[in-house]
Amino acid sequence: MSDWFSEDERATIRTLADVLIPAAEGMPCASSIGCADAALDDVLTLRAELAPKMRAALQLAQGKAPKAALDDMRSADPENWQAFTLAIAAAYYFSPRVRALLGYSGPERRPVDPTEPLGCADVLAPVIARGPIGRLAP
């Protein structure tokens, strides 16, 4: 695990994440899939600018009950609230376990056969009928 957050901060993140994403209808809670641990580190590796915003949001949570802390974050500091919730949600949905439970295997390549009808009321038919157009750049 990286040093994005201290263990105390991660404990707070786990508690808050479980209020945001509780276990329900066969889906795990946020903390059980690592939303404050390795999964969060993976998100922050891609979006490092979220870490200081999350830390700022956590400052508002100090000494408060989780639900009240989240309410205070949202009303007092919407920008950092959004960063916090984005990072938690991203960590949750990046989880292979969550994706498997949702039946989502990730993006799939679906090649298009140009000889087949478009299937979308031929949205591109007028463009195809018009033929290539364009101007050379000066």
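All values reported here derive from a predicted model rather than from experimental measurement. Sequence positions, counted from 1, serve as the residue numbers for this chain.
With Lys53 contributing its side chain and Glu49 its backbone, the two residues share no donor-acceptor pair below 3.5 Å. Between the Ser32 side chain and the Pro28 main chain, no donor and acceptor come within less than 3.5 Å of each other. Between the side chain of Thr12 and the backbone N or O of Asp8, at least one donor-acceptor pair lies under 3.5 Å.
Side chains of Gln59 and Asn80 form no contact here, defined as non-hydrogen atoms less than 4.5 Å apart. Looking at heavy atoms from C-beta onward, Met73 lies out of side-chain contact with Thr85 at the 4.5 angstrom threshold. Between Leu20 and Phe84 there is a side-chain heavy-atom pair separated by less than 4.5 Å. Under the 4.5 Å side-chain criterion, counting only non-hydrogen atoms from C-beta, Met27 is in contact with Leu102.
Across all non-hydrogen atoms, the minimal contact from Trp4 to Ala51 is CE3-CB, 3.5 Å. The shortest heavy-atom contact between Leu60 and Ala76 is CD1-CB, 4.1 Å. Cys29 and Ala23 get closest at one heavy-atom pair: CB-N, 3.4 Å. Scanning all heavy atoms of the two residues, the minimum distance from Met54 to Ala83 falls at CG-O, 4.2 Å. Residues Cys35 and Leu40 approach most closely at O-CB, 3.1 Å, considering heavy atoms. Smallest separation of non-hydrogen atoms from Phe94 and Val43: CD1-CG2, 3.7 Å.
Here Tyr92 contributes atom OH and Arg99 contributes atom CZ; the two are 13.5 Å apart, rounded to the nearest 0.5 Å. Atom-to-atom distance recorded for Ile88:CD1 and Leu50:CG is 10.0 Å, nearest 0.5 angstrom.
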| request: Applying salt bridge (charged side-chain N to carboxylate O under 4.0 Å, His left out), run through Asp41 and Arg10 and close with a yes or a no. | output: CA-CA 11 Å; Asp41 291 348; Arg10 287 183 189 272; 2.9 Å; yes
| side chain to side chain contact (heavy atoms under 4.5 Å, CB included) evaluation trace for Asp72 with Asp77 | CA-CA 8 Å; Asp72 287 350; Asp77 196 350; over 6 Å; no
| said: Does Arg55 form a side chain to side chain contact (heavy atoms under 4.5 Å, CB included) with Phe5? I'd like the steps, not just the answer. | reply: CA-CA 8 Å; Arg55 188 167 284 112; Phe5 297 102; 3.5 Å; yes
| message | Under the criterion salt bridge (charged side-chain N to carboxylate O under 4.0 Å, His left out), I'd like the reasoning laid out for Arg14 against Asp37: C-alpha separation, chi angles, the key distance, then a yes or no. | response | CA-CA 9 Å; Arg14 281 184 206 98; Asp37 302 299; 2.6 Å; yes
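Around the CD atom of Glu79, the shell of radius 6.0 Å holds no more than 12 heavy atoms that belong to other residues, nucleotides or ligands.
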